[in-house]
Trainee: 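This structure is in structure tokens; I'll ask about it shortly.
Below, each value reflects all heavy atoms present in this structure, side chains not excepted, and no hydrogens, waters or symmetry copies.
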Amino acid sequence: MSKINFECIHDLPTAKQLWLEFSPDKIIYDNWDFRYCFYQDNQFDLYFYVGQIDGKNIGLLPLQFNTRRHCLEFFGSAYMEDNQVFIKPEYEKYIPEFYQLINQQTQLEDIIGRDSFTQSLELLEYKYVADLSDVKNLDDYLKKYFRNKRRKNLLKIIEIVENKQPQIFYDQKEDLSRLMELNRKNFGEESSFSDPLFTKVFDYLMSINLNFHLITIVINNIKESVSLAVKYKDTYTYMNAGTNKKDHPNLGSYINLKNIELAINLGCKTFDAGVEDLGWKEKWHLDKISQYKFYKD
């Protein structure tokens with residue numbers, strides 16, 4: 001096996017160039033502009049480890065040092081999913097060496113396991129997705145993922161909510177603040193939006209040229225539910241939502257269904273509901289994808 005050498009890149013322009021060279025660019029978490037929105041206000045020191053063999057770049061481990069967590073993490077913050085060593089296929093056998101070179105406190109999370117070494121790491125959690133490649137409408141989706149009794153329950157939920165005569169609006173960017181407000185009411189300090197810096201990130205996201213989708217549900221002239229998603233390539237990533245579940249207990253399920261329906265209508269092949277069950281993804285029989293972790297003290 002040829003010897004691999006490593007160089008650690010700290011300057012932003014070179015890091016971006018390497019990212020664009022190595023990223024598979026298949027899902028939103030592979031997109032530089034998306035990740036940069038999460039990096040922009042923090043400006044943590046970059047640790048982009050590029051592997052070279054005979055002077056040729058063969059792989060990249062893109063990290064940053066989070067001074068609040070006091071550890072290395074993947075570029076873009078712990079919010080990122082499907083993280084990985086970017087590597088050219090013929091060099092996958094070198095992936096372990098990227099992890100072995102790290103010599104400081106590290107918390108690498110939500111790593112996608114496409115190789116045997118990564119699959120040997122400790123399981124952190126699951127990402128939940130639905131295959132829409134053979135689904136033409138919401139009814140198809142319900143028949144694919146639910147047995148008769150559960151499907152009838154969801155159809156009943158649709159009926160209950162629609163009896164309230166909801167108004168549904170799409171892509172009203174000003175409703176992002178309402179999403180954050182509802183999310184904070186539901187989750188308190190556990191809400192991502194309890195961090196003012198995080199709320200700014202979503203303002204940055206709205207300003208870049210990506211295909212974001214907001215759904216707003218209005219009942220009795222009140223915005224009772226708002227969701228945010230992004231379509232990237234053929235994947236619809238459901239990013240966040242805020243819902244008044246106290247007054248409308250079925251509305252959370254309803255807006256989930258509206259997002260799935262929109263993903264189908266947009267021609268997406270994958271509905272990505274993200275990591276963590278959040279009380280519904282297991283029950284909805286979404287497919288589970290393992291996400292691993294690598295910690296070093």
Trainee: Go through it in stages, so that I can follow the logic: the residues are Asp41 and Lys200, the test is salt bridge (Lys or Arg N to Asp or Glu O under 4.0 Å), and I'd like the CA-CA distance, side-chain angles, deciding distance and then a yes or no.
Mentor: CA-CA 9 Å; Asp41 276 350; Lys200 288 180 67 177; 3.2 Å; yes
Trainee: Give a yes-or-no answer on whether the side chains of Asn250 and His248 include a donor-acceptor pair shorter than 3.5 Å.
Mentor: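 Note: Asn250 and His248 side chains miss the donor-acceptor criterion.
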Trainee: If you count heavy atoms of other groups shown closer than 6.0 angstrom to NZ of Lys164, is the number above 12?
Mentor: yes
Trainee: Under a 3.5 Å cutoff, is there a donor and acceptor pairing between the side chains of Tyr128 and Glu282?
Mentor: yes
Trainee: Scan side-chain atoms only and decide if Asn153 and Arg150 contain a donor-acceptor pair under the 3.5 Å cut-off.
Mentor: no
Trainee: Evaluate the side-chain proximity of Tyr141 to Asn137: yes if any heavy-atom separation is below 4.5 Å, no if none is.
Mentor: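 Not in contact.
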Trainee: Counting only heavy atoms not in Glu122, do more than 12 sit closer than 6.0 Å to its CD atom?
Mentor: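 Counting other residues, nucleotides and ligands, CD of Glu122 stays at 12 neighbours or fewer.
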Trainee: Please check if atom CD in Gln172 has more than 12 non-hydrogen atoms from other residues, nucleotides or ligands closer than 6.0 Å.
Mentor: yes
Trainee: Give a yes or no on whether Asn148 atom CG has more than 12 heavy-atom contacts from other residues, nucleotides or ligands under 6.0 Å away.
Mentor: yes
Trainee: Regarding Asn66 and Glu73, do their side chains bring together a donor and an acceptor under 3.5 Å, going by distance alone?
Mentor: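 Glu73 and Asn66 do have a side-chain donor-acceptor pair below 3.5 Å.
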Trainee: Tell me whether Arg184 contacts the main-chain N or O of Ser194 through its side chain, where contact means a donor paired with an acceptor under 3.5 Å.
Mentor: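 Side chain of Arg184 to backbone of Ser194, a donor-acceptor pair under 3.5 Å: no, none is there.
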Trainee: Locate the shortest heavy-atom distance separating Ile53 from Lys3; write the atom from each residue and the value.
Mentor: CG1-O, 3.8 Å
Trainee: Return the minimal non-hydrogen interatomic distance between Leu179 and Leu228, and the atom names on each side.
Mentor: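 Residues Leu179 and Leu228, closest heavy atoms: CD1-N, 3.6 Å.
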Trainee: Classify the side-chain pair Asp287/Tyr145 by whether it contains a donor and acceptor separated by less than 3.5 Å.
Mentor: yes
Trainee: Could you check, using the six-membered ring where one of them is a Trp, whether Phe98 and Tyr94 have ring centers closer than 6.0 angstrom?
Mentor: no
Trainee: Do you reckon Phe294 sits in the same ILVMFWY cluster as Ile87, going by side-chain contacts under 4.5 Å, direct or chained?
Mentor: yes
Trainee: Between Tyr126 (side chain) and Gln291 (backbone), is there a donor-acceptor pair under 3.5 Å?
Mentor: no
Trainee: If you apply the rule side chain to side chain contact (heavy atoms under 4.5 Å, CB included), what do you find for Tyr292 with Ser120, and how did you get there?
Mentor: CA-CA 9 Å; Tyr292 300 91; Ser120 73; over 6 Å; no
Trainee: Nearest 0.5 angstrom please: Asp30 CG to Gln84 CD, how far?
Mentor: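 Going from the CG atom of Asp30 to the CD atom of Gln84 covers 6.0 Å.
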Trainee: Given Asp82 and Lys127, is the side chain to side chain contact (heavy atoms under 4.5 Å, CB included) satisfied, shown in steps?
Mentor: CA-CA 9 Å; Asp82 277 355; Lys127 169 194 277 288; 3.2 Å; yes
Trainee: Working to the nearest 0.5 angstrom, can you tell me the gap between Ser227 OG and Ile215 CD1?
Mentor: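 Rounded to the nearest 0.5 Å, the OG-CD1 separation comes out at 4.0 Å.
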Trainee: Hey, quick one: are Val275 and Phe38 part of the same hydrophobic cluster, counting side-chain heavy atoms closer than 4.5 Å, chains of contacts allowed?
Mentor: no
Trainee: Pairing donors with acceptors under 3.5 angstrom, does anything connect the side chains of Asp247 and Asn244?
Mentor: yes
Trainee: If the threshold is 4.0 Å, N to carboxylate O, is there a salt bridge linking Lys144 and Asp140?
Mentor: no
Trainee: If you count heavy atoms of other groups shown closer than 6.0 angstrom to CD of Gln43, is the number above 12?
Mentor: yes
Trainee: Is Lys245 reaching over with its side chain to a backbone N or O of Gly252, donor-acceptor style, under 3.5 angstrom?
Mentor: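 Pair absent, no side-chain N/O of Lys245 close to backbone of Gly252.
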Trainee: In this structure, is the centre-to-centre distance between the rings of Tyr47 and His10 below 6.0 Å?
Mentor: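 Judged by ring-centre distance (under 6.0 Å), His10 and Tyr47 do meet the cut-off.
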Trainee: Would you check if Trp280 and Ser253 make a side-chain contact, meaning some heavy-atom pair closer than 4.5 Å?
Mentor: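 The answer is no, as the side chains (C-beta and beyond) never meet within the 4.5 Å cut-off.
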Trainee: Asp175 and Thr216: which non-hydrogen atoms are nearest, and at how many Å?
Mentor: OD2-OG1, 2.7 Å
Trainee: Look only at the side chain of Thr237 and the backbone of Met239, and say whether a donor-acceptor pair between them is shorter than 3.5 Å.
Mentor: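 Between the backbone of Met239 and the side chain of Thr237 there is no qualifying donor-acceptor contact (under 3.5 Å).
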Trainee: Tell me yes or no: between the side chains of Asp272 and Thr235, is some donor less than 3.5 Å from an acceptor?
Mentor: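 The criterion, which ignores hydrogens and geometry beyond distance, is not satisfied for Thr235 and Asp272.
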Trainee: Report, as yes or no, whether the 6.0 Å neighbourhood of atom CG on Asp171 holds more than 12 heavy atoms from other residues, nucleotides or ligands.
Mentor: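 Yes.
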Trainee: Can you name the closest pair of heavy atoms from Leu46 and Ala15 and give their distance?
Mentor: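 In terms of heavy atoms, the two residues are closest at CD1-CB, 3.8 Å.
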Trainee: Are Val218 and Phe169 close enough that some pair of their side-chain heavy atoms sits under 4.5 Å apart?
Mentor: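 Counting from C-beta outward, Val218 and Phe169 do come under 4.5 Å.
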Trainee: With rounding to the nearest 0.5 Å, note down the distance linking CG in Leu61 to CZ in Phe22.
Mentor: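 Spacing of CG (Leu61) from CZ (Phe22) equals 12.0 Å.
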Trainee: Return the CG to NZ distance between Asn57 and Lys88, rounded to the nearest 0.5 Å.
Mentor: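 NZ of Lys88 is found 6.5 Å from CG of Asn57.
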Trainee: Ignoring hydrogens and angles, tell me if any N or O in the side chain of Gln64 forms a donor-acceptor pair with the backbone of Gly76 under 3.5 Å.
Mentor: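 Here the side-chain-to-backbone pair exists.
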Trainee: Ring of Tyr236, cation from Lys231 - is the NZ or CZ under 6.0 Å from the centre and inside 45° of the axis?
Mentor: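 That pair does not qualify as a cation-pi contact.
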Trainee: Report the distance from atom SG of Cys71 to atom CD1 of Ile102, rounding to the nearest 0.5 Å.
Mentor: 11.0 Å
Trainee: Verify the cluster assignment for Leu18 and Phe74: are they in a single hydrophobic cluster under the rule of side-chain heavy atoms below 4.5 Å apart?
Mentor: no
Trainee: Taking the side chain as every heavy atom from C-beta outward, state whether Pro62 and Trp19 have any pair of such atoms under 4.5 Å apart.
Mentor: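 Yes - at least one pair of side-chain heavy atoms lies under 4.5 Å apart.
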Trainee: If you count the non-hydrogen atoms of other residues, nucleotides and ligands that lie under 6.0 Å from CD in Glu174, is the total more than 12?
Mentor: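 Counting other residues, nucleotides and ligands, CD of Glu174 exceeds 12 neighbours.
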Trainee: Is Thr118 reaching over with its side chain to a backbone N or O of Gly113, donor-acceptor style, under 3.5 angstrom?
Mentor: no
Trainee: Check whether any side-chain heavy atom of Leu108 lies under 4.5 Å from a side-chain heavy atom of Tyr295, and answer yes or no.
Mentor: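 The answer is no; the side chains never approach within 4.5 Å.
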Trainee: I'd like to know whether Asn256 forms a side chain to side chain donor-acceptor pair (under 3.5 Å) with Tyr238, so could you lay out the CA-CA distance, the side-chain angles of the two residues, the decisive distance to 0.1 Å, and finally the verdict.
Mentor: CA-CA 9 Å; Asn256 293 343; Tyr238 190 14; 2.9 Å; yes
Trainee: When you measure from the side chain of Asn83 to the backbone of Asp110, do you find a donor-acceptor pair of N or O atoms at a distance under 3.5 Å?
Mentor: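 At least one qualifying donor-acceptor pair exists.
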Trainee: Using every non-hydrogen atom in the two residues, find where Asn183 and Ala241 come nearest and quote the distance to one decimal.
Mentor: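 The pair with the smallest heavy-atom distance is ND2-O, 2.9 Å.
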Trainee: Side-chain contact, heavy-atom cut-off 4.5 Å: Leu251 with Ser225?
Mentor: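 They are in contact (side-chain heavy atoms under 4.5 Å apart), so the answer is yes.
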Trainee: Between the side chains of Asp25 and Asn31, does any donor sit under 3.5 Å from an acceptor?
Mentor: no
Trainee: Measuring from Leu132:CG to Ile260:CD1, what's the distance to the nearest 0.5 Å?
Mentor: 7.5 Å
Trainee: For the pair Glu109 and Arg69, evaluate salt bridge (Lys or Arg N to Asp or Glu O under 4.0 Å) and give the outcome as yes or no after the intermediate values.
Mentor: CA-CA 13 Å; Glu109 299 175 334; Arg69 300 173 70 198; 3.7 Å; yes
Trainee: Return yes if some donor-acceptor pair links the side-chain N/O of Lys269 with the main-chain N/O of Lys233 below 3.5 Å, else return no.
Mentor: no
Trainee: Are any of the side-chain heavy atoms of Tyr49 and Glu7 separated by less than 4.5 Å?
Mentor: no
Trainee: Hey, is the main chain of Phe193 close enough, under 3.5 Å, to the side chain of Ser191 for a donor-acceptor pair?
Mentor: yes
Trainee: State yes or no: do Tyr29 and Phe75 share one hydrophobic cluster built from I, L, V, M, F, W and Y residues joined by side-chain heavy-atom distances below 4.5 Å, directly or via other members?
Mentor: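 Tyr29 and Phe75: separate clusters.
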Trainee: For Leu20, does its backbone N or O pair with a side-chain atom of Ser23 as donor and acceptor, under 3.5 Å?
Mentor: no
Trainee: In this structure, are over 12 heavy atoms from other groups packed under 6.0 Å from Asp11 atom CG?
Mentor: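 Count over threshold, so yes.
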Trainee: Does Leu214 reach the side chain of Arg178, with side-chain heavy atoms less than 4.5 Å apart?
Mentor: no
Trainee: Transitively linked via ILVMFWY side-chain contacts under 4.5 Å: Phe48 with Tyr99?
Mentor: no
